[in-house]
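This structure is a prediction, so every number in the text was calculated from the model and none was measured.
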Amino acid sequence: MPTYAYACTQCDHRFDAVQSFADAALTTCPVCGGALRKQYGSVGVTFNGSGFYRTDSRAGSGSTPSGAAGGAAPASSPSSKSEAKASPAPSGS
């Protein structure tokens with residue numbers, strides 16, 4: 001069950017309450033009977049693994065060394081295709 005932080009608008013009393021999602025929000029301060037408001041804070045979330053950064057899925061991001069097999073294979077494929085196309089043209093003329 002989640003923990004919610006509340007603060008009183010009159011006496012500034014602050015406390016935490018463990019409530020279910022189905023429970024109604026608290027509205028009265030237990031100290032002075034004033035109106036309560038929920039406090040929203042930042043949550044520490046850490047995303048680990050691949051796929052969480054823009055550079056993870058982009059080609060040529062620089063994170064992969066240029067001498068790696070993945071970088072060399074795409075460079076070889078276009079040059080071999082262009083050589084294959086260039087070879088039949090001179091021999092056919």
Side-chain angles (χ1 to χ4, degrees):
M1 294 212 303
T3 302
Y4 296 101
Y6 289 94
C8 179
T9 58
Q10 292 178 2
C11 70
D12 202 34
H13 173 69
R14 297 174 188 270
F15 64 97
D16 295 337
V18 178
Q19 295 178 300
S20 172
F21 288 110
D23 292 344
L26 300 177
T27 56
T28 57
C29 177
V31 175
C32 71
L36 289 177
R37 60 187 165 106
K38 277 188 179 180
Q39 298 289 300
Y40 297 99
S42 62
V43 178
V45 177
T46 303
F47 296 106
N48 293 326
S50 62
F52 292 106
Y53 301 98
R54 292 192 308 173
T55 57
D56 282 348
S57 62
R58 293 187 179 184
S61 63
S63 62
T64 306
S66 60
S76 300
S77 297
S79 62
S80 63
K81 288 180 182 178
S82 63
E83 290 175 13
K85 290 179 181 179
S87 298
S91 61
S93 296

* Asked: Honestly curious: do Y40 and F21 fall in one hydrophobic cluster under the side-chain, below-4.5 Å linking rule?
  ->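 Per the 4.5 Å side-chain linkage, Y40 and F21 are not co-clustered.
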* **Residues in side chain to side chain donor-acceptor pair (under 3.5 Å) contact with Y4, at least two apart in sequence or another chain** =>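 Once residues adjacent in sequence are excluded, Y4 has no partner under the side chain to side chain donor-acceptor pair (under 3.5 Å) criterion.
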* Using side chain to side chain donor-acceptor pair (under 3.5 Å) as the criterion, list what pairs up with D12, not counting sequence neighbours. =>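 Applying side chain to side chain donor-acceptor pair (under 3.5 Å) to D12 gives R14.
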* Close side-chain approach of L26 to Q19, heavy-atom, < 4.5 Å ->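 Side-chain contact under 4.5 Å: yes.
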* **Rounded distance (nearest 0.5 Å) linking atom CZ of F15 with atom CD of Q39** =>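 Those atoms lie 10.5 Å apart.
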* Rounded to the nearest 0.5 Å, what's the gap from OG on S20 to CE on M1? Could you check? =>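 It comes to 6.0 Å.
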* Checking side chain to side chain contact (heavy atoms under 4.5 Å, CB included) for the pair K38/Y6: CA distance, chi angles, key distance, verdict? -> CA-CA 5 Å; K38 277 188 179 180; Y6 289 94; 3.5 Å; yes
* Mind checking what makes side chain to side chain contact (heavy atoms under 4.5 Å, CB included) contact with T3, not counting sequence neighbours? ->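 Per chain and number, T3 pairs via side chain to side chain contact (heavy atoms under 4.5 Å, CB included) with D16, V18.
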